[in-house]
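Report on one structure; see the data block that follows.
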Amino acid sequence: MRAILQETYGSPEVLQEVDLPRPVPGPSEILVAVHAAGVNPTDWWNRAQPRTIDRLPLVLGWDVSGVVEAVGTGVTLFKQGDEVFGMLPYPYGVGSHAEYVCGSARAFAHKPPSIDHIQAGALPLAALTAYQALVDTADVQPNQRVLIHAAAGGVGHLAVQIAKSRGAYVIGTASAAKHDFVRGLGADEVIDYRTVDFAEVVTDIDVVLDSISLDPVARGRSVAVLHPGGTLVSILPVAIDPEELAEIAEHGIRYESLLVEADQAGMQAIANLVETGALRAHIEATFPLAEAAKAHALGETGRTTGKIVLTMEGTVKGQIAVKVLRAAFEGGDSALIDRYVRPEYIQHNPLAPDGPEAMKAFGAAWKLQFPDATYEEKRLVTEGDLVVLHSHGVLVPGTPGLAVFDIFRFHDGRIAEHWDILQEVPATTANGNDMFSTFNEPQIEAAGRRRFTPYNKKLVTDYVRQLLVRKDLAAIDTYVCTDYREHSPNIPDGAPGLKSGLAAFFGRYPQLKVAPQQVIAEGDLVAVHSHYVDAPGERGRAVIDLFRVQDGRIVEHWDASQDVPETSANGNTMFLTPGAS
């Protein structure tokens with residue numbers, strides 16, 4: 001599995017993406033395929049220096065939202081395939097910034113169905129902190145006056161909502177720019193801490209949730225606004241000496257220092273608040289796992305609103321797609337098909353009927369026909385509920401094999417639909433390249449460009465419309481770099497070679513119609529699934545073109561083409577489901 005590891009303390013650059021063995025659940029544990037994991041202040045504090053956990057090497061992360069991959073001995077609460085969210089036991093049960101993580105089953109609850117994994121992954125540590133402070137510790141009651149410091153922050157914005165769900169009158173502190181946001185959460189008053197001393201304008205408070213006070217002077221200002229019998233709950237891991245505690249007690253104030261705990265009952269309470277619409281996480285930004293350092297750097301600015309989340313969902317879907325194909329065509333564990341393929345599965349391969357049982361039967365027959373076949377995954381593109389897998393399949397050892405593209409559509413974590421295209425690999429090519437290699441590894445993101453994927457998707461979409469739909473060869477001058485690399489066996493390398501090759505192709509098929517069906521992008525890879533019809537009345541070909549974009553130019557291209565047959569085993573087309581978009 002991929003994970004974000006640090007072997008020393010320091011700046012965000014100490015975080016490195018590495019391959020680690022996938023953990024195995026022990027007794028009373030579950031193994032979770034992580035789809036999303038929140039990034040919290042405790043993550044960047046512990047990255048910079050040992051704070052609440054002191055061990056190296058270290059994989060950070062306590063928040064988890066994902067799907068149960070396996071259960072250990074004695075677990076009865078969850079089964080494989082269950083969607084769960086929770087917080088690993090704090091502080092030592094760390095490690096969720098990885099594709100898989102093991103944790104105590106009792107640290108998790110079922111993910112609320114009304115939110116996605118990104119929302120769920122943002123909640124556990126921050127929401128549990130707020131819940132344990134306000135409900136378990138302070139026992140906030142209706143009409144009590146609650147002061148929440150840093151009310152727009154990760155814990156603070158959830159605390160405002162939890163306090164309001166208890167019927168409290170909520171006062172929050174936040175910079176002026178965030179006042180509308182905090183009021184939108186339900187706060188009754190908001191104080192600009194930069195221009196107003198809250199201790200001078202706030203009185204008669206029942207509960208203070210303190211995430212900012214690092215010294216006795218700062219804590220004393222919160223003590224001053226509490227009435228006798230009030231409660232000050234600090235959620236900072238800072239020591240307080242006995243003399244200060246005695247002085248607080250003399251004012252009739254109860255002081256508590258909270259260290260958040262893994263808590264299934266608390267997670268279930270949070271899930272219930274989510275389902276009633278009383279609690280939602282605000283997501284400031286999401287980053288792919290590989291960009292954990294960027295997530296830390298953003299968090300450390302102290303200017304974020306709500307939560308930052310790392311996402312692994314695309315990676316997990318890709319792994320599921322690979323597992324299912326291998327189970328079907330390499331004689332693997334067929335139970336994987338039952339686990340990951342929906343009963344109403346729709347098949348667009350014209351040779352295979354619909355449904356998971358048909359997938360098993362088709363795969364078994366294929367394996368019987370080609371017992372020594374091998375498959376090598378080359379590249380993967382994931383966007384939303386779609387996964388594109390580009391592979392090299394060699395059915396008979398010693399032969400060139402097949403260029404294969406598979407497209408999977410997921411629904412609720414399981415495969416709902418599948419398209420594929422297979423093309424024989426020729427012995428020679430016009431460009432001397434094979435149909436699979438690359439001259440540079442694709443990127444998922446680019447530094448400083450948060451809309452990297454959408455930009456590339458639009459660029460390729462515009463290129464395909466101009467070049468292939470309108471047959472305007474000037475698109476090559478606009479969109480293609482001079483050292484363009486071609487992996488279609490019939491087209492030379494370079495922009496001039498591409499232009500001459502396509503000019504000849506358009507001349508050979510003057511009535512060619514190209515109808516793009518789906519465009520799927522991730523990072524610098526963009527796949528376009530199209531229906532090519534060479535002449536009116538023909539059934540045409542199913543084609544996938546895969547482009548790589550670099551610095552605003554198309555630098556590389558792979559494709560595969562397959563004739564559309566007259567009939568299919570499932571009655572479906574090789575393209576979009578009728579009525580789908």
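Small disclaimer: the values here were computed from a predicted structure and weren't measured. In what follows, every heavy atom counts, from backbone to side chain, and hydrogens, waters and symmetry copies are set aside.
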### Message
Looking at Leu459, is its backbone amide N or carbonyl O close enough to the side chain of Asp462 to form a donor-acceptor pair, meaning the two atoms are under 3.5 Å apart?
### Response
no

### Query
With no hydrogens and no angle check, do the side chains of Thr42 and Tyr90 hold a donor and an acceptor under 3.5 Å apart?
yes

### Message
Show, in sequence, the C-alpha distance, side-chain angles and deciding distance for Lys317 and Met312, and conclude whether the side-chain contact (heavy atoms from CB on, under 4.5 Å) test is met.
### Response
CA-CA 9 Å; Lys317 286 177 181 173; Met312 275 73 62; over 6 Å; no

### Side-chain donor or acceptor of Asp54 paired with backbone N/O of Pro50 under 3.5 Å
no

### Message
Checking Phe198 now: which residues fulfil ring pair (Phe, Tyr, Trp, His ring centres under 6.0 Å) with it, not counting sequence neighbours?
### Response
His149

### For Pro343, side-chain contact (heavy atoms from CB on, under 4.5 Å) partners two or more places apart
Arg414

### Task
Quick one: list whatever passes side-chain hydrogen bond (donor to acceptor under 3.5 Å, both in side chains) with Tyr100, sequence neighbours left out.
Gln319

### Query
If you measure from CG on Leu310 to OG1 on Thr286, what distance do you get to the nearest 0.5 Å?
9.0 Å

### Task
Give the intermediate values and the outcome of side-chain contact (heavy atoms from CB on, under 4.5 Å) for residues Thr173 and Val190.
CA-CA 6 Å; Thr173 66; Val190 190; over 6 Å; no

#### Entry: Pairwise ring-ring contact (aromatic ring centres under 6.0 Å, His included) hits with a residue in residues 259-284, at least two apart
Phe181-His282

#### Entry: Aromatic ring pairing His117/His35, orientation class (parallel under 30°, perpendicular over 60°, tilted between)
tilted

### Task
Identify the heavy atoms of Leu158 and Ala127 that sit nearest to each other, and give their distance.
CD1-N, 3.5 Å

## Note on the structure
In short, side chain to side chain donor-acceptor pair (under 3.5 Å) pairs touching residues 225-240 with sequence neighbours left out are Asp206-His227

### Query
Any chance CD of Glu7 has more than 12 other-residue heavy atoms, nucleotides or ligands included, within less than 6.0 Å?
no

### Message
Looking at every heavy atom in both Cys102 and Leu31, which two are closest together, and how far apart are they?
### Response
SG-CD1, 3.8 Å

### Query
Sub-3.5 Å donor-acceptor pair from the side chain of Lys307 to the main-chain atoms of Ala122, do we have one?
yes

### Task
Please answer whether the main-chain N or O of Arg51 pairs with a side-chain N or O of Asn46 as donor and acceptor at a distance below 3.5 Å.
yes

#### Entry: Glu522 (side chain) donor-acceptor with Thr382 (main chain) under 3.5 angstrom
yes

### From Asp204 atom CG to Gln144 atom CD, the distance as rounded to the nearest 0.5 Å
10.5 Å

### Summary
Applying ring pair (Phe, Tyr, Trp, His ring centres under 6.0 Å) to Phe408 and not counting sequence neighbours gives His418

### Message
Between Thr137 and Gln132 (side chain of the first, backbone of the second, donor and acceptor by atom type, cut-off under 3.5 Å), is there such a pair?
### Response
yes

### Pair Glu244-Tyr255, side-chain hydrogen bond (donor to acceptor under 3.5 Å, both in side chains): steps then yes or no
CA-CA 10 Å; Glu244 185 183 351; Tyr255 174 82; over 6 Å; no

### Message
For a quick test of reading the model, state the closest non-hydrogen atom pair linking Ala262 to Ala107 and the distance between them.
### Response
CB-CB, 4.1 Å

### Query
Donor-acceptor pair, Ser96 side chain versus Asp63 backbone, under 3.5 Å?
yes

### Query
Ignoring hydrogens and geometry, is there a side-chain-to-backbone donor-acceptor pair from Glu29 to Gly26 under 3.5 Å?
yes

#### Entry: Gap separating the CE atom of Met1 from the CG atom of Leu289, nearest 0.5 angstrom
9.5 Å

### Message
Applying ring pair (Phe, Tyr, Trp, His ring centres under 6.0 Å), can you list everything that pairs with His251, at least two apart in sequence or on another chain?
### Response
none

### Task
Compare every heavy atom of Ala151 with every heavy atom of Gly172, then report the nearest pair and how far apart it is.
CA-CB, 3.8 Å

### Message
I need the minimum non-hydrogen distance between Ile407 and Leu386, along with the two atoms involved.
### Response
CG2-CD2, 4.3 Å

### Task
Check step by step if side-chain contact (heavy atoms from CB on, under 4.5 Å) holds for Ile171 and Val202.
CA-CA 9 Å; Ile171 304 168; Val202 174; 4.3 Å; yes

### Message
The criterion is ring pair (Phe, Tyr, Trp, His ring centres under 6.0 Å); which residues satisfy it with Tyr193, sequence neighbours excluded?
### Response
none

Just list the side-chain donor-acceptor pairs under 3.5 Å for residues 15-24, sequence neighbours left out, or say none.
residue	atom	partner	partner atom	Å
Gln16	NE2	Glu13	O	2.8
Glu17	OE2	Arg2	NE	3.4
Glu17	OE2	Arg2	NH1	2.6

### Query
Would you say the side chain of Trp45 lies within less than 4.5 Å of the side chain of Pro237, judging by non-hydrogen atoms?
yes

### Message
Any heavy-atom pair between the side chains of Pro113 and Glu275 that's under 4.5 Å?
### Response
yes

### Query
Excluding sequence neighbours, so at least two apart, what forms side-chain hydrogen bond (donor to acceptor under 3.5 Å, both in side chains) with Arg47?
His296, Glu300

### Query
With distance as the sole test, does Asp210 use its side chain to make a donor-acceptor pair with the main-chain N or O of Val233 at under 3.5 Å?
no

### Distance (rounded to the nearest 0.5 Å) between Ser65 OG and Ile115 CD1
7.0 Å

#### Entry: Euclidean distance, Ile212 CD1 relative to Ser222 OG, rounded to 0.5 Å
6.0 Å

### Task
Answer yes or no: is there an ion pair linking Asp82 with Lys111, defined by an N-O contact shorter than 4.0 Å?
no

### Query
Is the closest basic N to carboxylate O distance between Arg221 and Asp197 below 4.0 Å?
yes

### Query
Can you tell me if CG on Asn143 sees more than 12 non-hydrogen neighbours from other groups inside 6.0 Å?
no

### Task
For Ser211 and Ile235, work out which heavy atoms get closest and say how close.
CB-CD1, 3.6 Å

### Message
Does Val274 form a side-chain contact (heavy atoms from CB on, under 4.5 Å) with Leu123? I'd like the steps, not just the answer.
### Response
CA-CA 10 Å; Val274 168; Leu123 284 169; 3.8 Å; yes

### Query
Hey, are Asp188 and Lys164 close enough for a salt bridge, meaning a charged N less than 4.0 Å from a carboxylate O?
yes

### Message
Is there a side-chain contact between Val388 and Leu380 in this structure, where contact means two heavy atoms from C-beta onward sitting under 4.5 Å apart?
### Response
no

### Task
Could you walk me through whether Arg219 and Asp215 pass the salt bridge (Lys or Arg N to Asp or Glu O under 4.0 Å) test, one step at a time?
CA-CA 6 Å; Arg219 281 188 292 270; Asp215 56 63; over 6 Å; no

### Residues which pass side-chain hydrogen bond (donor to acceptor under 3.5 Å, both in side chains) with Arg280, listed by chain and number, not counting sequence neighbours
none

### Query
When rounded to the nearest 0.5 angstrom, what is the spacing between CG in Asp263 and CG in Asp136?
6.5 Å

### Message
Checking the side chain of Glu200 only, and the main-chain atoms of Val196 only, is there a donor and an acceptor separated by less than 3.5 Å?
### Response
no

### Query
For Ala521, which residues count as a side-chain contact (heavy atoms from CB on, under 4.5 Å) partner, sequence neighbours excluded?
Glu383, Thr453, Lys457, Val526

### Message
Please confirm whether the ring centroid of Phe85 lies under 6.0 Å from the ring centroid of His110.
### Response
no

